[in-house]
Structure formats: C-alpha cells, structure tokens
J.: 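Questions regarding the structure given below will be posed in turn.
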Amino acid sequence: MMFPRSEYTVSQLELFDAKNYPKVTNELNVLKQAIWSLPDVHKADIVISFLKDHKVKMHWVHSNPLLVELITSDYQPVSHTEGLFKSSHDNITFLADFERYVGDQLE
C-alpha cells in the first residue's frame, strides 16, 4: 500500500501544536463523528496504528472488526493525518505528542 504524499515537513526540533495543523484537526473531528457509535475496544490504538503505519494488530481486528473495516476502507478522508504521521517519523517527541493528541481527539 502506498502512503500518501505529504504536504508537511516536520523538523527534528519541532514540537507538535494542533493549531498548526487545522486540516488534520478537521479530519479527526469528522472521523470521530463517523466512529463514535462503534465499540471503544482499542479504538485509538487501531486508528493511530493504521494512520501511522497502515498496520493493525490481528487481535485488534478480532476485538473491533467494524472499526477496522471502516478505517481501512478509505471511506473517511484522512490523508492529512496520514501525511503528518509520515512527516513526523524522525521526530520522536513530535510523534509521541501527535499520537497522544489523536488518541485524545477520538475519546
């Protein structure tokens, strides 16, 4: 599977600040609305793992198959969120803060 081309560049010293990424925030708001009624089992883990690496652990698939089906179907536009994950791969602090933010937004 190909990762989308990213419009983001994250420097080694940059810290994550959601206000700098309004398109990502919009995508996460739309995604939250789309998945709110699905079971909470591993919800943030599944979304973060898929958007970050396009991988989902098999036991998560079994625990929350409807969410996995939705998040892997390309039904929800998440290219900006995927792109920011891709661009932040080398900045561990940014990436950890971004993952925490994504998880918080999905609660």
Side-chain angles (χ1 to χ4, degrees):
M1 180 174 284
M2 296 287 294
F3 284 98
R5 184 175 176 173
S6 178
E7 67 180 65
Y8 303 108
T9 302
V10 175
S11 72
Q12 287 286 14
L13 300 177
E14 186 175 349
L15 299 176
F16 175 73
D17 186 344
K19 73 178 184 218
N20 295 330
Y21 303 98
K23 292 177 182 177
V24 170
T25 301
N26 266 358
E27 284 181 352
L28 291 174
N29 287 333
V30 170
L31 180 60
K32 180 179 181 175
Q33 293 303 311
I35 67 174
W36 76 271
S37 65
L38 297 177
D40 287 334
V41 180
H42 300 294
K43 189 179 275 187
D45 294 328
I46 290 167
V47 170
I48 291 167
S49 181
F50 184 76
L51 297 181
K52 181 177 158 189
D53 298 316
H54 285 211
K55 296 177 184 175
V56 178
K57 292 181 180 181
M58 190 55 68
H59 71 274
W60 294 345
V61 173
H62 295 297
S63 297
N64 201 336
L66 294 174
L67 176 60
V68 172
E69 183 179 338
L70 180 86
I71 198 71
T72 60
S73 70
D74 289 332
Y75 176 71
Q76 293 298 316
V78 288
S79 61
H80 294 283
T81 308
E82 289 174 312
L84 190 55
F85 270 120
K86 180 181 177 189
S87 296
S88 63
H89 187 292
D90 293 330
N91 182 330
I92 301 303
T93 302
F94 184 103
L95 183 59
D97 289 345
F98 182 42
E99 286 180 14
R100 190 170 17 264
Y101 173 77
V102 171
D104 290 347
Q105 295 310 298
L106 298 177
E107 290 182 358

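Residue indices begin at 1 and follow the sequence shown.
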J.: Whether the side chain of Glu27 engages the backbone of His80 through a donor-acceptor N/O pair (distance < 3.5 Å, no angle test) should be reported.
T.: yes
J.: Give me the atom names and distance for the closest heavy-atom approach of Val68 to Thr72.
T.: O-OG1, 2.7 Å
J.: Check whether Lys43 reaches the backbone of Leu38 with its side chain - one donor and one acceptor, N or O, closer than 3.5 Å.
T.: yes
J.: Nearest heavy-atom pair of Val56 and Phe50: which atoms, and what distance?
T.: CG2-CB, 4.0 Å
J.: Under the side chain to side chain donor-acceptor pair (under 3.5 Å) test, which residues partner Ser88, sequence neighbours left out?
T.: none
J.: Does anything in residues 95-105 form a side-chain hydrogen bond (donor to acceptor under 3.5 Å, both in side chains)? List the pairs, not counting sequence neighbours.
T.: Thr25-Tyr101, Lys52-Glu99, Asp97-Arg100
J.: To the nearest 0.5 angstrom, please state how far the CG atom of Leu28 sits from the CG atom of Leu51.
T.: 7.5 Å
J.: Any donor and acceptor pair, going by atom type alone, linking the side chain of Ser87 with main-chain N or O of Tyr8 inside 3.5 Å?
T.: yes
J.: Mind checking what makes side chain to side chain contact (heavy atoms under 4.5 Å, CB included) contact with Asp17, not counting sequence neighbours?
T.: Lys19, Asn20
J.: In terms of hydrophobic clusters joined by side-chain contacts under 4.5 Å, are Val41 and Leu66 together?
T.: no
J.: Using salt bridge (Lys or Arg N to Asp or Glu O under 4.0 Å) as the criterion, list what pairs up with Lys32, not counting sequence neighbours.
T.: none
J.: Counting only N and O atoms by type, is there a donor-acceptor contact under 3.5 Å from the side chain of Asn64 to the main-chain atoms of His42?
T.: no
J.: How many angstroms lie between OG in Ser37 and CG in Leu67, if you round to the nearest 0.5 Å?
T.: 10.5 Å
J.: Working to the nearest 0.5 angstrom, can you tell me the gap between Leu95 CG and Lys86 NZ?
T.: 14.5 Å
J.: Between Ala44 and Gly103, what is the shortest heavy-atom contact and its length?
T.: CB-CA, 3.9 Å
J.: Using ring pair (Phe, Tyr, Trp, His ring centres under 6.0 Å) as the criterion, list what pairs up with Phe98, not counting sequence neighbours.
T.: Phe16, Phe85
J.: If hydrophobic clusters are built by linking Ile, Leu, Val, Met, Phe, Trp and Tyr wherever their side-chain heavy atoms come under 4.5 Å apart, do Ile71 and Met58 end up in the same one?
T.: yes
J.: Is the side chain of Asn91 donor-acceptor paired with the backbone N or O of Glu14 at a distance under 3.5 Å, no angle test?
T.: yes
J.: Show the numbers, then the answer: is there a side chain to side chain contact (heavy atoms under 4.5 Å, CB included) between Val47 and Val78?
T.: CA-CA 10 Å; Val47 170; Val78 288; over 6 Å; no
J.: May I ask you to test the Thr81-Leu31 pair for a side-chain heavy-atom distance under 4.5 Å?
T.: no
J.: Would you mind listing every salt bridge (charged side-chain N to carboxylate O under 4.0 Å, His left out) that reaches into residues 55-71, with sequence neighbours excluded?
T.: none
